[in-house]
Amino acid sequence: MHDLAFFRANLDAIGERISTRGMTLDRTQFRELDSKRRAAVTEAETLRARRNAESQQISKLKKQGLDTTGQQANVRGIGDHIAALEEQVKALEDEFRTLMAGIPNLPHESVPVGHSSEDNAEVRRRGTPPAFSFEPKAHWDLGPELGILDFERAAKVTGARFAVYWGLGARLERALINFMLDVHTREHGYTEVLPPFLINSASLFGTGQLPKFAADVFKCENFDFWLAPTAEVPVTNLYRDETLDADKLPINLCAYTPCFRSEAGSYGKDVRGIIRQHQFQKVELVKFTRAGQSYDELEKLTADAEDILNRLGLPFRTVILCTGDLGFSSAKTYDVEVWLPGQNAFREISSCSNFEAFQARRAGIRAKSGQGKAEYAHTLNGSGLAVGRTWVAIVENYQQSDGSVIIPEALRTYVDAERITPRGEMR
RNA sequence: GGAGAGGUGGCUGAGUGGUCGAAAGCAGCGGUUUGCUAAACCGUCGUAGGGGCAUUAAACCUCUACCGGGGGUUCGAAUCCCCCCCUCUCCGCCA
């Protein structure tokens, strides 16, 4: 959500910047709706002022014991008029709010202009993809062969796009969660939180999933509860409608949660394996900062995510998303992409974004220093990392010619094994 | 799930139909006093939106809305009625 006064004053510049995202801002529509809305508000308020004044008169007359039947009928007439006007105002404000709520954030000036993911720019690359003396397998073959990944039974229990992890497969997932949380809390300065996995509509509005992207989120019947699509939602909304002490920022939080996404519109995409599931596990990093420090913190956040891959010895590259590929709420995003031998490609494993005040304005997250005026905080988040995709990266990058998988050094104490062998534990 | 008690400004807490945006206290801010600290005293102190406004912004004036949320009654609602949400206590049930 944009600041209204700023938006009005800089409409043309904003419209042009937004067009780099491949979206057209109808400035004429905005101006017309805004002035129509304001005219209606002014009219309704003028009438209300009149009603209040005349009501006071009635009060005075009554105290003098005078008859006020005529005045009362008159004010009742004003009241009816107000009621009719209020309906107009409400309709216009709803329309206006929907319009404003659907306008994406402005890309930061450092974001390259482009149309699609092809225009994203690589900013760095670490590690070397492993050389295999055999044809490396994809995890959707390796997993079942190792007896650690089971799609058939998941489909029976729930449906497509779900998986069951067995034995060391399940333990590898859990080990990754613990490893990531330990590194972030002990070495990167984050505080661990464990939030609710169901969130309400107000929270989804705060981070920008609602109203535009309701179709991507699972909704509970008969409750205003939704399954969290990412820990970004519950964790960012922890401070909704609060004013933070600016001198104590940044606040760095990390959280493990399962994430649930309907994946509407992704039919036929990544149908094999666990790259794109309705449920996946993620460790998320969230920062609340002052306005002036958010871009430095974005660099740190991204480095914190990359550090996990470094420690696991997984090759990756980091790209900066171009204007056309940027998410709705984000001003600047780095995607960290891990190398997957089974697909012979880099695949997104973390997405680190600075939302500036865009979410804070929606969610009412302010920061105030001493006697200073409260300002909107800046919010950031990034995966640190997507656990399922890290699982895939380990299985595919560390596969051996005999079909086994070596556990990376950093993870051994967590998995309590050095290797996953094809015998398997699935029954 | 059942019974009861609550939800008012940064906090505590009064207010049960008519200048109530809301008493009082605390905290905050400005000032007087003061060797320093403290105290005392005086003043000030919510948020959002509209209009005045014209080239932006600030300041100022003014109006409107906001006493958990949404409806209703009334000339007029923090106050009365209905629905919902949240918190606390007890019972039941469960992990």
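Since the structure is predicted, the reported quantities are computational estimates derived from the model, not experimental observations. Order of the sequence lines fixes the chain letters, A, B, ..., with proteins taken first and strands second; residue numbering starts at 1 for each chain.
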Calculate the interatomic distance between A:Met1 atom CE and B:A48 atom C1'; express it in whole Å.
14 Å
Integer angstrom distance from the P of B:U32 to that of B:C88:
48 Å
Could you state the atom-to-atom distance from CG of A:Leu61 to C1' of B:C75 in whole Å?
11 Å
Examine A:Arg362 relative to A:Phe205 and say whether NZ or CZ is less than 6.0 Å from the centre of the six-membered ring and inside a 45° cone about the ring axis.
yes
Do A:Phe358 and A:His378 have side chains that approach each other closer than 4.5 Å (heavy atoms only, starting at C-beta)?
no
Which whole number of Å gives the distance between the P atom of B:U64 and that of B:U8?
26 Å
Rounded P spacing from B:G68 to B:G6 in Å
14 Å
Any chance you could list the contact pattern along nucleotides 59-66 of chain B? Use B for base contacts, S for sugar-phosphate-only contacts and - for none, protein heavy atoms under 4.0 Å, 5' to 3'.
----BBS-
Gap in Å between the two P atoms, one belonging to B:C75 and one to B:G43, rounded:
41 Å
Could you check if a side-chain atom of A:Leu380 sits within less than 4.5 angstrom of a side-chain atom of A:Cys352, using non-hydrogen atoms only?
no
Between B:U47 atom P and A:Ile365 atom CD1, what is the distance in whole Å?
19 Å
Can you tell whether the side chains of A:Glu86 and A:Arg48 come within less than 4.0 Å, N to carboxylate O?
yes
More 5' along RNA chain B: A:Ser59 or A:Leu4, using each one's nearest nucleotide?
A:Ser59
Quote, to the nearest angstrom, the P distance that separates B:C67 from B:A77.
12 Å
Angle class for the A:Phe30/A:Phe7 ring planes (parallel below 30°, perpendicular above 60°, tilted otherwise)?
perpendicular
Pair assignment for RNA chain B - dot-bracket with | for other-strand partners, Watson-Crick or G-U under 3.5 Å:
((((((((.[[[..)..(.....]]].(((((.......))))).(((((((.......))))))).[[[[[..)....]]]]])))))))....
For A:Ile78, is there any backbone N or O sitting under 3.5 Å from a side-chain donor or acceptor partner on A:Arg51?
no
Tell me the interatomic distance from A:Gln56, atom CD, to B:A77, atom P, rounded to whole angstroms.
11 Å
Separation of A:Asp245 atom CG from B:G28 atom C1', in whole Å?
14 Å
Would you find a donor on one side and an acceptor on the other, under 3.5 Å apart, between the side chain of A:Gln281 and the backbone of A:Cys259?
no
For a quick check under 3.5 Å, do A:Gln359 and A:Glu232 share a side-chain donor-acceptor pair by atom type?
yes
In B:A54, glycosidic geometry as syn within 90° of 0 or anti otherwise
syn
Could you check how far NZ of A:Lys62 sits from C1' of B:G17, rounded to whole Å?
11 Å
Base, sugar-phosphate alone, or nothing: which one does A:Lys60 contact when heavy atoms must sit under 4.0 Å apart?
nothing
Take the protein atom CD1 of A:Ile82 and the nucleotide atom P of B:U74, then report the distance between them rounded to whole Å.
15 Å
Treating A:Ser329 as the side-chain partner and A:Thr207 as the backbone partner, does any N or O pair qualify as donor plus acceptor under 3.5 Å?
yes
Between A:Asn178 and A:Tyr256: side-chain donor-acceptor atoms closer than 3.5 Å:
no
Under 3.5 Å donor-acceptor, A:Glu118 side chain and A:Gly114 backbone:
no
Rounded P spacing from B:A27 to B:U33 in Å:
22 Å
Please check if the side chain of A:Thr390 supplies one atom and the backbone of A:Ala386 the other of a donor-acceptor pair under 3.5 Å.
yes
In whole angstrom, what separates A:Glu54's CD from B:U19's C1'?
16 Å
Nearest-angstrom distance, C1' atom, B:G15 to B:A23
8 Å
How long is the gap from OH on A:Tyr398 to CZ on A:Arg419, to the nearest 0.5 Å?
13.0 Å
Is there a residue in residues 90-105 of chain A whose heavy atoms reach under 4.0 Å of RNA chain B, and which residues are they?
none
Considering only the P atoms, how many Å lie between B:C63 and B:C20, rounded to the nearest integer?
15 Å
